[in-house]
Every structure is written in structure tokens, then in C-alpha cells.
Amino acid sequence: MGDIEKEKTNDLEPGDTANENKDESMNIFIQQDKMKVFCRFHKPVGEGQLLTYDQIMRELKVAGVVFGIQDDEIKDFLNDRQYEVDYIIAIGRAMELGKNGSIELRFDTNSNLTPEVDESGNVDYKNLNLVNQVKKGDILAVKIPHSVGADGQDVLGHVVPAVPGKAANFVYGKNVYVSEDGLNLISNVDGHVTYKSDKIAVSEVLEIKEDVDLSTGNIKFNGQVLVHGSVKSGFNIQCKGDVIVEGSVEDAVIVSGGDVIVKRGVQGGGKGVITAKKNLIAKFIENATVIAGGDVKSESVLYSQVTCNGNLHILGKKGMLTGGRMQVLGSIDAVSVGSNMGTATRIELGIDQQTKKEYDTVRRQIRELTNSLDSMKMIVESFTQKIKAKVPLAEDKVNYFKQTLQKFKFQQKMLEEAKDKEQKLMESLRRGTDSYLAVTAETYPGVIIVIKDVTYNVEAVEHHIRFVKTDEGIKKVPL
């Protein structure tokens with residue numbers, strides 16, 4: 001067997017011969033790894049003695065076998081006494097290998113773009129779930145600790161040391177950190193989680209290598225979006241940070257919590273809408289709706305609706321502002337406004353659009369309350385006359401009158417409050433402003449200029465003029 005062998009052979013008494021009596025005997029074979037012991041028993045000769053349980057145990061002890069002895073195997077032999085057969089008399093306890101640690105990801109690593117399917121089974125190829133968005137504090141991965149395993153013991157009683165598993169370690173890049181207990185990998189920012197070469201990182205900038213189109217679907221992201229191509233017709237981008245488009249924007253929708261920069265301009269096709277919480281900069285803006293919390297800067301604005309709470313700067317040699325409606329809280333600087341074709345161009349300056357919106361809402365509320373009160377007034381007066389005349393009224397009529405009267409008084413109070421609010425909003429809208437329209441070249445007929453509550457219609461071509469509001473109205477000041 002190539003194993004360590006211990007053999008017990010009964011000695012012969014003096015005067016005996018080998019052919020007379022020979023006791024039952026056993027050979028002990030210990031495996032080289034000392035994890036198993038085999039015994040082979042030999043038949044007695046003549047009147048040779050049989051082995052007893054105690055004798056077998058003693059022989060094992062002499063051979064050094066002290067662990068994992070299989071009593072059942074010994075008893076099987078003693079009951080059945082099969083010779084020249086190997087019995088497994090002892091079995092060691094194998095050591096347990098430790099399990100390797102692992103990293104369990106808490107985000108989807110599947111880069112396949114999967115379109116959304118609605119309840120009706122329609123497939124939306126514009127929403128492809130491209131971005132693995134995470135928020136600050138999100139757990140990105142969990143470390144499953146390795147185990148040390150368990151020691152074993154061989155048949156000679158020696159400890160067989162366990163082999164511990166290998167520890168797993170986080171491989172990570174920027175904007176992530178490991179928790180104090182070392183078991184969690186956590187995002188330190190809002191952004192897009194990436195997983196490349198087993199490295200986990202979070203980027204605050206989502207880069208789109210080419211266009212935003214069917215290959216990417218719509219983009220919704222917590223950080224900044226950088227598009228190396230263009231934003232194609234019918235697609236949209238929503239993000240909390242800046243949007244930078246190195247190409248152009250077609251009739252798409254962009255909503256940004258920061259600045260929007262379009263390096264090759266906006267061709268909105270009458271449907272495109274760009275909303276920037278801060279500033280908007282574009283080479284040109286044509287047939288689009290633009291809303292900015294700060295300034296808007298462009299080389300030309302054509303047939304568009306622009307609303308901004310800062311200033312509108314029409315830069316460049318041509319600096320054209322033609323057609324559409326500009327609602328600017330600050331001022332406008334341009335080279336030319338309108339066109340020699342008399343294109344209708346409306347300029348509204350110094351008006352806080354949010355205040356204006358509240359003012360319009362209050363005025364609408366006043367109209368509705370007034371109409372409602374006029375309708376109820378007739379009912380209230382009719383019932384009042386009947387009560388004064390002591391005309392008998394059914395109980396349900398009396399209840400109806402009480403409810404109407406209560407509603408009438410409530411709406412009267414609402415109307416008073418609405419009129420008070422209207423007055424305050426009006427005063428705010430009429431308050432003085434430094435807003436102006438400065439045109440270094442021509443301002444053409446067809447242009448309507450509104451500064452606060454004063455309107456001026458351009459009826460002839462004006463050259464090099466700054467339009468400002470004074471107590472006498474809108475004044476033209478030469479540049």
C-alpha cells in the first residue's frame with residue numbers, strides 16, 4: 001500500500017510448530033496522510049486464540065492510533081470475522097478549508113441598454129436606463145468576510161491546521177469611501193457609479209461620448225452631464241448639475257439644476273425647451289423656448305421665447321435679436337433688434353416673471369370670486385326678503401339658505417384678501433428699475449418695448465439707442 005505498516009503476529013510457544021497452532025492476527029496500515037487506518041485480519045491456525053476487542057484496541061494504541069477509532073467496524077469484524085479483507089478501523093477529522101471573502105455589488109453592472117415597457121406592453125426606446133444613479137450615502141458594495149475554516153485531527157491525534165480563506169478587498173476610485181467597520185463601500189457624492197476592471201467609482205459627471213439619441217435614450221442624472229455630440233430631436237436631459245453639449249440641441253428638452261452650455265447652438269424647431277436654474281450660453285438660439293434663472297448669452301436669438309432673471313447678452317458681430325418674446329428681469333444688450341421686414345419682436349424688461357405669474361393668478365382668482373359672489377348675492381337677497389316678510393320656509397330651504405350665506409361670507413373675505421394681495425403685487429411690479437435695452441446698431445419697426453408698466457412701439461428705424469424708463473415714460477438715450 002505504500003503506507004506505514006504495523007503488524008501483530010502471535011508468538012509460538014517453545015515446542016510448537018508452525019503447522020500446529022497460530023493465534024488470530026492483524027496487520028495495521030496507517031495511510032501516509034494519517035487520516036485513515038486499515039486493518040487486515042488473518043485466520044488462526046489450529047487451536048490458535050481469537051482476538052478480543054481489548055486486544056485490538058491495545059494493538060491500535062501500540063501503533064499510535066488514538067483518534068477516530070471506528071467501534072462499529074471492530075464489532076463488525078468480531079461478529080463476522082472476515083479475513084484478508086481491509087477494515088477501515090480509524091478515520092481522522094479532515095480540516096475545513098476557509099471560504100474566500102467576496103464583494104457583493106449593490107448596483108446593476110449590466111451595461112446592456114434595456115428599453116422600458118409600460119403596462120400596455122409598449123416599448124419606449126427613449127428610456128434605456130443607461131445611468132446607474134446613486135446618492136450620497138448609498139451603499140455601493142458589501143464585503144463578505146472570509147472564514148478561517150476549522151482545524152482537523154489525524155488518527156495519531158495530531159492537529160491538522162485549517163487553511164483560511166483569502167480576504168476580499170475593495171478596489172475603488174474617486175468619490176467613495178470604506179465604512180469604519182470595513183464592510184461597506186459608500187458613495188460620497190450624488191452621481192453615476194462605474195465599475196471597470198473591478199474598480200468601483202462614482203463620477204459627478206456623466207459623459208455621453210457621442211449623441212443623445214436612440215443609442216443612449218433619455219438622460220436623467222443627479223450630477224453634471226457632458227455630451228460630446230448633439231442632443232437629437234425628441235430626446236431629453238434632466239440633471240441636477242450643469243449640462244454641456246459640445247454639439248447642437250435640436251427640438252429636445254433640457255432641464256438643468258446648474259448652467260446649460262450649447263457650443264453649436266439650439267435649433268428648437270418650435271418645440272425645443274431648455275431650462276437652466278443658473279445661466280444659459282449658446283452659440284445661437286432659434287425657434288426655441290429658453291428659461292434661465294441667471295443670464296442668457298448668445299450670438300443671435302431668432303423667433304424664440306426667452307425668460308431670464310438676469311440679463312440677456314446678444315454677443316458677436318451680428319448680435320441679432322429677431323422675432324419672439326423676451327421676458328428679462330435685467331437688461332438686454334444687442335447689435336440689432338427686429339428686422340427690416342417688420343418682424344414682431346416683443347421685449348419685456350424689469351418684470352419679475354414669478355411676481356407677474358402670481359399677479360395674474362390673483363387677478364384670475366378675483367374674477368372667479370366676483371362671479372361666484374354675484375350668483376350667490378341674488379339667492380341671499382331673495383331669502384332675506386322672504387325671512388323679513390315672514391314667509392314660511394321648509395326646513396331644507398332654511399338649511400340651504402344658511403349654507404349659502406356661510407359660503408357667501410367666506411368668499412367675501414377671500415375676495416378682500418385677494419384684492420389686498422393684488423395691490424401689493426402691483427406695487428412690486430411698478431417699482432423702479434434700472435433695466436434697459438441697448439442696441440448698438442438698428443432697432444426696427446415691429447419691436448415693442450415694455451419696461452415695467454410702460455410700453456413703447458418702435459415705428460421707425462432707431463440707431464445706436466439705449467431705451468430706459470423714466471417718470472415720463474420710455475426715453476431714448478444715444479449710445
Side-chain angles (χ1 to χ4, degrees), residues 204-212 219-233 235-337 345 347-349 352-353 435-441:
E204 295 178 276
V205 179
L206 174 64
E207 286 194 60
I208 307 300
K209 298 297 183 182
E210 296 181 351
D211 296 334
V212 174
I219 303 299
K220 188 174 183 181
F221 186 53
N222 288 329
Q224 177 180 313
V225 174
L226 171 59
V227 180
H228 290 285
S230 298
V231 182
K232 295 299 185 179
S233 174
F235 289 87
N236 67 68
I237 297 174
Q238 297 180 51
C239 74
K240 292 183 179 180
D242 300 337
V243 174
I244 301 172
V245 181
E246 294 188 340
S248 61
V249 174
E250 299 179 0
D251 54 324
V253 175
I254 296 177
V255 179
S256 165
D259 296 330
V260 174
I261 299 172
V262 185
K263 295 186 177 180
R264 293 187 182 176
V266 179
Q267 177 57 268
K271 297 178 182 179
V273 180
I274 300 179
T275 303
K277 189 173 183 179
K278 295 181 180 178
N279 306 307
L280 185 142
I281 301 171
K283 184 174 179 62
F284 66 85
I285 301 169
E286 184 173 348
N287 283 305
T289 297
V290 168
I291 303 166
D295 294 341
V296 174
K297 299 179 181 180
S298 181
E299 293 182 20
S300 66
V301 178
L302 307 175
Y303 308 102
S304 296
Q305 167 99 21
V306 175
T307 302
C308 73
N309 286 334
N311 300 310
L312 173 58
H313 301 282
I314 314 296
L315 311 169
K317 292 182 179 180
K318 294 183 178 180
M320 295 186 299
L321 195 170
T322 303
R325 183 179 185 182
M326 309 298 118
Q327 296 175 303
V328 179
L329 182 59
S331 301
I332 297 177
D333 291 282
V335 176
S336 69
V337 178
T345 307
I347 308 293
E348 298 176 12
L349 300 172
D352 185 332
Q353 294 304 318
S435 298
Y436 62 82
L437 168 63
V439 186
T440 56

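Note that these values count all heavy atoms, side chains included, but never hydrogens, waters or copies made by symmetry.
The shortest side-chain heavy-atom distance between Asp333 and Tyr436 falls under the 4.5 Å cut-off. For the pair Gln305/Val290, no side-chain contact is recorded, criterion being any heavy-atom separation below 4.5 Å from C-beta on. Residues Ile332 and Ile347 form a side-chain contact, since some pair of their non-hydrogen atoms from C-beta on lies under 4.5 Å apart. Between Leu312 and Met326, some side-chain heavy-atom pair lies under the 4.5 Å cut-off. Counting only heavy atoms from C-beta outward, the side chains of Glu250 and Val231 never approach each other to under 4.5 Å. The side-chain heavy atoms of Leu437 and Leu349, taken from C-beta on, include a pair separated by under 4.5 Å.
By the side-chain contact (heavy atoms from CB on, under 4.5 Å) test, Lys297 is found to be paired with Ile281, Asp295, His313, Leu315, residues two or more places apart in sequence or in another chain being considered. The side-chain contact (heavy atoms from CB on, under 4.5 Å) test applied to Tyr303 returns Asn287, Thr322, Thr343, not counting sequence neighbours.
A donor and an acceptor atom, one from each side chain of His228 and Glu210, are nowhere located under 3.5 Å apart.
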Quiz item: Can you check salt bridge (Lys or Arg N to Asp or Glu O under 4.0 Å) on Lys318 and Glu299, steps first, answer last?
Solution: CA-CA 7 Å; Lys318 294 183 178 180; Glu299 293 182 20; over 6 Å; no

Exercise. Please report the C-alpha distance between Gln327 and Glu348 in whole Å, then the side-chain angles of each, then the deciding distance to 0.1 Å, and finally whether the side chain to side chain donor-acceptor pair (under 3.5 Å) criterion is met.
Key: CA-CA 5 Å; Gln327 296 175 303; Glu348 298 176 12; 3.3 Å; yes

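Between Ser298 and Ile285, the closest heavy-atom pair is OG-N, 3.7 Å. Among all heavy-atom pairs drawn from Lys278 and Ala292, the shortest one is O-CB, 3.6 Å. Smallest separation of non-hydrogen atoms from Ser248 and Ser230: N-OG, 3.0 Å. The minimum heavy-atom distance between Ser233 and Asp251, with the atom names listed, is OG-OD1, 2.5 Å. The two atoms that bring Cys308 and Val296 nearest to each other are CB-CG2, 3.8 Å, heavy atoms only. Minimum heavy-atom separation, Ile274 to Val260: CG2-CG1, 3.9 Å.
The closest donor-acceptor contact from the side chain of Ser304 to the backbone of Ala288 lies under 3.5 Å.
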